[in-house]
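Have a look at the structure below, then the notes.
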Number of protein chains: 2
Amino acid sequence: MSRRLPGAGGGRTGIRQVADLAGVGIASVSRVLSGQPGASPQLTERVLAAARQLGYAPNALAQNLRRRTTRSIGFVGSDIRNPLLSSIVGGAEAVLSAAGYSVLLTNSGGVPDLDARRIEVLLQRQVDGLILLPASEGDPATLAALRGTDVPIVVIDRILPVDVNACYVFSDHRAGVGDATRHLLLQGHRRIGLAVAEGVRPSRERILAVEDAYRGLDLVADILVELGALSTERGENAMEAFLDRADPPSAIILGGNQLLEGALNVVRRRGLRLGKDISLVCCDDLPLSRLYDPPIATVMRDTSLLGQRAAEMLLEQLAHPHPIEPIVLPTWFIVRASCGKPT
Amino acid sequence: MSRRLPGAGGGRTGIRQVADLAGVGIASVSRVLSGQPGASPQLTERVLAAARQLGYAPNALAQNLRRRTTRSIGFVGSDIRNPLLSSIVGGAEAVLSAAGYSVLLTNSGGVPDLDARRIEVLLQRQVDGLILLPASEGDPATLAALRGTDVPIVVIDRILPVDVNACYVFSDHRAGVGDATRHLLLQGHRRIGLAVAEGVRPSRERILAVEDAYRGLDLVADILVELGALSTERGENAMEAFLDRADPPSAIILGGNQLLEGALNVVRRRGLRLGKDISLVCCDDLPLSRLYDPPIATVMRDTSLLGQRAAEMLLEQLAHPHPIEPIVLPTWFIVRASCGKPT
DNA sequence: TTGAAAGCGCTACCAC
DNA sequence: GTGGTAGCGCTTTCAA
């Protein structure tokens with residue numbers, strides 16, 4: 001029994017209305033509008049006219065349910081407010097939307113448990129794929145959620161257990177931090193402080209890079225590591241921890257731009273001269289890093305590209321799932337005046 | 001042992017499988033899992049057990065199609081890479097996901113035509129509502145797309161024609177810029193350069209605020225306005241345009257943090273001393289603005305709050321559509337050393 | 001209390 | 001070529 005009211009305001013305009021107005025079957029409407037071959041010019045014409053007249057747009061929900069694909073992907077990150085993440089998201093969104101995909105964005109705020117929940121929601125929503133930059137690499141709930149699905153997963157700068165079946169896009173943190181460390185060592189620094197996040201790949205790589213650099217110059221590694229979150233406060237704490245030691249490092253590498261502001265606060269507060277009393281290198285850029293006085297030496301990378309590559313990799317997997325080698329994108333060190341010789 | 005092997009058992013686990021395993025009808029499964037009253041304890045128990053055993057999660061697509069609501073909202077912005085936008089998105093996402101909504105994020109890159117397309121896509125995807133921060137206020141395609149829908153729309157810092165039927169969250173740009181201008185005038189500045197984006201509410205408000213400030217002090221307004229995009233290059237151009245004049249302004253207000261880096265480049269290149277040779281105020285913060293030498297005087301606002309309020313307003317409209325007054329959130333001026341007396 | 005069945009709006013198969 | 005029609009997986013009457 002049809003419950004469509006006659007005239008305006010009755011039912012929403014669906015494929016049925018278009019078919020009626022054009023005087024054809026709904027199958028034909030579907031075919032024409034989805035550009036499938038095998039419709040006569042005049043039928044095509046009639047359908048198009050009717051659709052235009054009604055301002056018809058297909059209900060993606062129904063299409064998706066039927067087609068068993070949503071052309072949407074889920075992005076799971078910790079905090080979009082972080083310029084790093086937003087740049088990655090921006091890069092990924094550009095590629096994905098150009099390919100006709102929509103991005104479902106979730107923010108866990110760094111709470112692992114939320115990561116898991118958000119992933120479950122995304123999977124319920126039948127996303128076709130996932131791009132992940134989780135706060136932690138080992139959260140059981142997150143891993144369980146991930147193991148329960150078949151959709152392609154691309155992970156950025158994290159390593160998940162093999163049974164999760166993900167693809168990877170990494171930054172070559174070793175290159176940039178290695179160069180930075182070598183520079184510091186050649187300047188004469190012998191004890192280096194390293195403040196990094198806990199339990200994620202970039203931190204491990206950075207620590208290894210520093211160690212390697214010592215070794216490469218036949219020096220005995222003398223490294224102080226501060227593990228913790230990535231935040232302004234943490235930047236302050238770590239910096240103070242380094243400087244309060246009886247044997248403070250003469251150079252410090254910050255494993256994240258979120259730490260920079262805090263670290264600089266401490267430097268100022270203590271009246272230290274950057275590049276003289278203490279040398280500083282920051283991983284990842286900030287808009288004014290280059291213009292700071294003195295300019296902040298930085299380990300750079302193209303974060304937008306990181307997102308783009310992740311998206312491309314996902315699209316590839318969507319088209320044709322297959323095991324694939326991780327992509328490794330470059331980082332590079334830019335010497336600036338925040339690094340100087342030790343006193 | 002709840003994980004199903006791929007391919008095992010034939011069909012994906014749907015409500016049907018749960019019903020069969022529990023030996024009940026699918027209607028009962030639906031009722032139990034959506035927490036509707038009127039199911040006996042033992043039925044509930046059986047269904048829950050079966051669902052758990054199969055690792056069943058309802059297909060949100062099917063639910064949404066049937067319920068005619070998706071619990072998703074679309075966010076349309078120009079560039080998520082802009083810290084301002086990412087902070088707004090972050091605030092909105094937090095509120096929305098806490099309320100059970102997902103966010104579909106789109107980035108137009110500032111191309112008005114893309115704004116329109118993205119909105120159409122979101123509407124096809126049946127989002128329940130829209131949060132907009134469009135690049136332009138007057139793009140015909142965008143407005144047409146917006147007029148074609150009934151979903152609640154919340155617009156941030158833009159004004160759309162009344163026939164679009166949107167709700168608004170504004171920043172009180174006049175307060176902050178007014179205070180900044182008064183400060184500059186009281187310092188003795190008489191000619192002020194203002195670099196703002198073209199054709200959007202914040203720019204109009206800022207111009208008015210500057211004019212009002214002159215008037216309030218019984219001064220004849222002497223304002224130079226540079227209209228354009230918001231980018232580093234534009235910051236350079238605008239700054240050069242101001243400084244190249246025969247009668248350059250002694251103080252400059254930048255209507256967007258995207259302009260700051262470019263403006264500072266020019267200041268440096270020309271060897272000008274900020275706060276002495278030229279005074280500078282920037283609208284919206286950057287992580288290192290406060291630590292710059294000299295610190296950058298800034299018109300502040302809580303951008304995350306902007307996103308939160310927008311989200312809350314949308315949720316309100318979702319629950320109960322009704323005309324509602326715009327929300328206006330504060331901005332405030334923070335004097336810093338980049339402002340000084342004119343020479 | 002429970003279940004069968006009618007769709008939600010669409011695609012794709014199959015017959016004409 | 002074209003148009004019925006059977007579902008996609010779910011919710012929600014309605015009847016039992």
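Below, chain A is the first sequence line, B the second, and so on; all start at residue 1.
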For [X], side-chain hydrogen bond (donor to acceptor under 3.5 Å, both in side chains) partners two or more places apart:
{"X": "B:Gln126", "answer": "none"}
{"X": "A:Gln308", "answer": "A:Ser304"}
{"X": "A:Glu120", "answer": "none"}

Solution key, residues 26-45 of chain B side-chain donor-acceptor pairs under 3.5 Å, sequence neighbours excluded:
{"unit_1": "B:Ser34", "atom_1": "OG", "unit_2": "B:Ser30", "atom_2": "O", "d": "2.5"}
{"unit_1": "B:Ser40", "atom_1": "OG", "unit_2": "B:Leu43", "atom_2": "N", "d": "3.3"}
{"unit_1": "B:Thr44", "atom_1": "OG1", "unit_2": "B:Ser40", "atom_2": "O", "d": "2.9"}

Original post:
B:Asn64 CG to C:dC10 P: how many Å, rounded?
Top reply: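 In whole Å, C:dC10 P and B:Asn64 CG are 15 Å from each other.
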
Subject >> Interatomic distance where CG belongs to A:Asp20 and P belongs to C:dC10 [whole Å] >> reply: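 Going from A:Asp20 (CG) to C:dC10 (P), I get 12 Å.
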
**OP:** Mind checking side-chain contact (heavy atoms from CB on, under 4.5 Å) for A:Ser86 and listing every partner two or more places apart, or none if nothing turns up?
**Re:**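 Per chain and number, A:Ser86 pairs via side-chain contact (heavy atoms from CB on, under 4.5 Å) with A:Ile80, B:Ile80, B:Ser86.
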
Original post:
Which pairs count as side chain to side chain donor-acceptor pair (under 3.5 Å) when at least one residue sits in residues 67-79 of chain A, sequence neighbours excluded?
Top reply: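 Listed once each, the pairs are A:Thr69-A:Asp128, A:Thr70-A:Ser72, A:Thr70-A:Asp128, A:Asp79-A:Arg81.
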
Subject >> Positions of residues 42-51 of chain B (non-hydrogen atom under 4.0 Å from DNA chain D), listed by number >> reply: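 None, since no heavy atom is under 4.0 Å.
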
**OP:** Sugar-phosphate atoms are those with a prime plus P, OP1 and OP2; base atoms are the rest. Using that split, label each nucleotide of nucleotides 8-16 of chain D B, S or - for protein heavy atoms under 4.0 Å, 5' to 3'.
**Re:** BBBBBB---

Please tabulate, one pair per line, all N/O donor-acceptor pairs under 3.5 Å involving side-chain atoms of residues 311-319 of chain B, not counting sequence neighbours.
{"unit_1": "B:Glu312", "atom_1": "OE1", "unit_2": "B:Arg309", "atom_2": "NH1", "d": "3.0"}
{"unit_1": "B:Gln317", "atom_1": "OE1", "unit_2": "B:His322", "atom_2": "N", "d": "3.3"}
{"unit_1": "B:Gln317", "atom_1": "NE2", "unit_2": "B:His322", "atom_2": "O", "d": "2.8"}

Original post:
Which part of the nucleic acid does B:Ala19 contact within heavy-atom distance under 4.0 Å: base, sugar-phosphate only, or nothing?
Top reply: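 Result for B:Ala19 = nothing.
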
Original post:
Applying ring-ring contact (aromatic ring centres under 6.0 Å, His included), which residue pairs with at least one partner in residues 87-109 of chain B are found, sequence neighbours left out?
Top reply: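 Every pair satisfying ring-ring contact (aromatic ring centres under 6.0 Å, His included) with a residue in residues 87-109 of chain B: there are none.
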
**OP:** Using five base pairs at each end, measure the axis-to-axis angle across the helix from C:dT1-D:dA16 to C:dC16-D:dG1 and round it to 10 degrees.
**Re:**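 The two end axes of the helix from C:dT1-D:dA16 to C:dC16-D:dG1 meet at 50°.
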
Could you pull out every donor-acceptor pair under 3.5 Å between side chains of residues 149-171 of chain B and any protein atom, sequence neighbours left out?
{"unit_1": "B:Thr149", "atom_1": "OG1", "unit_2": "B:Val151", "atom_2": "N", "d": "3.1"}
{"unit_1": "B:Asp157", "atom_1": "OD1", "unit_2": "B:Ser171", "atom_2": "N", "d": "3.0"}
{"unit_1": "B:Asp157", "atom_1": "OD1", "unit_2": "B:His173", "atom_2": "NE2", "d": "3.3"}
{"unit_1": "B:Asp157", "atom_1": "OD2", "unit_2": "B:His173", "atom_2": "NE2", "d": "3.0"}
{"unit_1": "B:Asp157", "atom_1": "OD2", "unit_2": "B:Arg301", "atom_2": "NH1", "d": "2.8"}
{"unit_1": "B:Arg158", "atom_1": "NE", "unit_2": "B:Pro134", "atom_2": "O", "d": "2.7"}
{"unit_1": "B:Arg158", "atom_1": "NH2", "unit_2": "B:Pro134", "atom_2": "O", "d": "3.4"}
{"unit_1": "B:Asp163", "atom_1": "OD1", "unit_2": "B:Arg147", "atom_2": "NH1", "d": "3.0"}
{"unit_1": "B:Asp163", "atom_1": "OD2", "unit_2": "B:Arg147", "atom_2": "NH1", "d": "2.6"}
{"unit_1": "B:Tyr168", "atom_1": "OH", "unit_2": "B:Leu160", "atom_2": "N", "d": "3.0"}
{"unit_1": "B:Tyr168", "atom_1": "OH", "unit_2": "B:Leu160", "atom_2": "O", "d": "3.1"}
{"unit_1": "B:Ser171", "atom_1": "OG", "unit_2": "B:Arg301", "atom_2": "NH1", "d": "2.9"}

Subject >> Stepwise side chain to side chain contact (heavy atoms under 4.5 Å, CB included) test for A:Glu93 and A:Leu105 >> reply: CA-CA 10 Å; A:Glu93 200 274 346; A:Leu105 178 74; over 6 Å; no

